[in-house]
Amino acid sequence: MRFWPAAALFVIAAAGQIRFEDVGARAGVGFVLENGAKGRFHQPELMAGGIAVFDYNNDGKLDLYFTNGAELPGLEKSSPKYHNRLYRNEGGFKFTDVTAEAGVEGRGFSMAAAVSDYDSDGYSDLFVAGVKVNLLYRNLGNGRFKDVTAESGLTNSSVWSISAGFFDYDNDGKPDLLISNYVAWDPVTEPYCGPPENRIYCHPSSYPGLPNQLFHNNGDGTFTDVSAQSGIGRHVNKGMGVAFGDIDGDGAMDAFVSNDSTRHLLFHNRRDGTFAEIALEAGVAFREDGVPIAGMGAELRDLDNDGLPDLAVAGMVNDTFELFRNRGKLLFEEWAHPSGLALATRPYTGWSIGAFDFDNDGFKDLFCALSHFPNLERYLGRPAALSNRVFRNIEGRRFVEQPAFDAPEMNPGAGFGDLDGDGLIDAVVSVLGGPAKILRNTTPGAGRAYVIRGKPLGTVVRVTLPNGRTLTNHATSSTGYACASDPAIHFGLGQHEAPVKVEIRVPGQ
Amino acid sequence: MMWMALLLMLQSAPLAEARQAMARGDYAAARSAINRALAASAADPAARFLSGFLFYLENELPRAITELQLAAKLNPKDSRARLYLALSLESAGRMMEAETEYKAAVSLADSDPKGDPETHLAYARYEMVTGDLDGAAELIGRALKIAPKSRDAHFEHARLLLRLDKPQEAAEAAATALECAPGGIPEAQVRYVLSRARSLAADSSNKR
């Protein structure tokens, strides 16, 4: 029985700055991200931190799952401190650790979490991507999960998977799985980088890239690797975040994979089981000057309310984050500079990113989990730990940096959802070596929210407000970098009571 | 006179060695040679500049800034020291200080009869980041006057025209860049900007 109605309205006061309060200390979430670092600078240490925000027990309250690292170089969860953790939402920002009873501690060095009800039994399942170990946990519906990796066909024993996301690419009603793979890494041959007295993590150019993978959901609990025939597996890069959206409004979900210091990949769904990689032609393969950035998390969402998903990609300090406006006809234009996001993000290294309307004013804002790489302080001349940031979307024209709201930490992962049912999107952030942040959205004077739940991934909803403005959003659980968020389709209505028109397009219908 | 020439040769030998080492990417050998030059004369502006420049190449921004500030003090007319100081400050996020140094570098470069557009282009890139497109246009215009066949100058012109929503003119500038001799910007970058400009120009023309 779901607590949420299919569509819900929340009444909140008038507009102001976007604010969050970290309530982690009193929320009962004691999760600490452990990357197993022992001064040997193994590359996976840099990349951990996945989160899933999802309702595993269908009680209407969003629960939290954190992926965790492992002992290195053995890649073993040799102690409970390396366990992945599931926290049940008890309401009122109180959470209980239910990892052991749910059976989701994980194996190996885990990276990312992806969520979907892959077997259509009404309960959300979990996929955990990791270094040479991927896991599929089937939700049994009784508070427990079963590791069904082997029988599902999703076993991985050789590659480093770094992000993953479910999307229904063939509109058959069954969510398929895209896995973003990073680099060919072996602890035995880990290169040494930096001067003798100050070892640093190597640049990704020190490692060969890997192709990504697409798995078709057969509907009987198994998946088939269709990477080759779909075209997804033809491109060898250094995959990071994955994002999904119907970029040309043809009713089929397309996929974007950001890449680390190599060009990005945009897979246009040809609607015949294959994809055309069009990042170069579409103008999103590189930064506007043709330089590849250290691409991290990605989001495909409509940021200017023209009905088409735009693209945001987090990057490293001095990269500037990327923002591309979708012009239609599979063509994007550079938007980071004119919108102010390029200058604002230049000092930051961003990891996960989320495009949600945090102040419910009708325009989706950008939340970025930030931290520079450890041990680079000598090079940067500033601390590696950073506070997270929100860039507020002003009328779909520009983005304005909001004041910091949390302590500077190493913040890789960020997942999103309305944790307390007040109509405001909250954030959950993993912290390397410290307690996770539960960021309650306390934005004063936020607008009203309109939320549609329970729709299949890929569902596109367009609402029309009384003033004629239309807002578009779609159902996706894939967020930013290595993270999954609540796939509820959320709209900020401003001061309007309700939309005057709601159009819902379910894929394949 | 002979003694002076010999002294100069002795002083510059380690710097020549450092430059060669930097050219082949052997930064450790370059650092060793620079340290020898500085041990011989800590106030040698050329050695101090190379020291700062090498730190810049190694992304050691705080040390690059310190060394380049010293180099600029030792030779206030060295536009390269001011340019790389500006670049280092910009990379370190010290934007206001970077702007001051860019202005100084451009002013010094303008008085250099040899005419190198790189200083103007670096400042123009900075102006494009901060959003001063008029300032960028003026600097790129000056760079094109100094070196009308500079691929890098035409490339930055193309980027600027794209920012100004003039994709057809941007495509023409990028095409001109490709006709010029190779510069510091890799050809692949020029081709990417040309391709983007052409796509946007075609789209704009269809919309009209």
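Every chain is numbered from 1, with letters handed out A, B, ... down the list of sequences.
Residues Y192(B) and F286(A) approach most closely at OH-N, 3.4 Å, considering heavy atoms.
Of all residues spanning residues 137-165 of chain B, those with a heavy atom less than 4.5 Å away from chain A's heavy atoms are F155(B), R159(B), R163(B), arranged by number. Residues from residues 89-104 of chain B that place a non-hydrogen atom less than 4.5 Å from a non-hydrogen atom of chain A comprise E90(B), S91(B), A92(B), G93(B), M95(B), given in numerical order. Against chain B, the residues from residues 317-339 of chain A that qualify, each with a non-hydrogen atom under 4.5 angstrom away, are N318(A), R327(A), K329(A), L331(A), F332(A), E333(A), E334(A), H337(A), P338(A) in number order. Residues of residues 380-387 of chain A that come closer than 4.5 Å to chain B, counting heavy atoms only, are L380(A), G381(A), R382(A), ordered by residue number.
Heavy atoms closer than 4.5 Å to chain B are found nowhere in R263(A), neither backbone nor side chain.
For chain B, the option among A285(A), A282(A), A342(A), P347(A) with the highest count of heavy-atom pairs below 4.5 Å is A285(A).
In this structure, CZ in R346(A) is found 9.5 Å from OG1 in T130(B), a value given to the nearest 0.5 Å. In this structure, the separation between CG on L280(A) and CZ on R191(B) is 13.0 Å, given to the nearest 0.5 Å.
For Q189(B) (side chain) and D289(A) (main-chain N/O), a donor-acceptor pair under 3.5 Å exists by modelled atom type.
Within a 6.0 Å radius of CZ in R36(B), more than 12 heavy atoms belonging to other residues, nucleotides or ligands are found.
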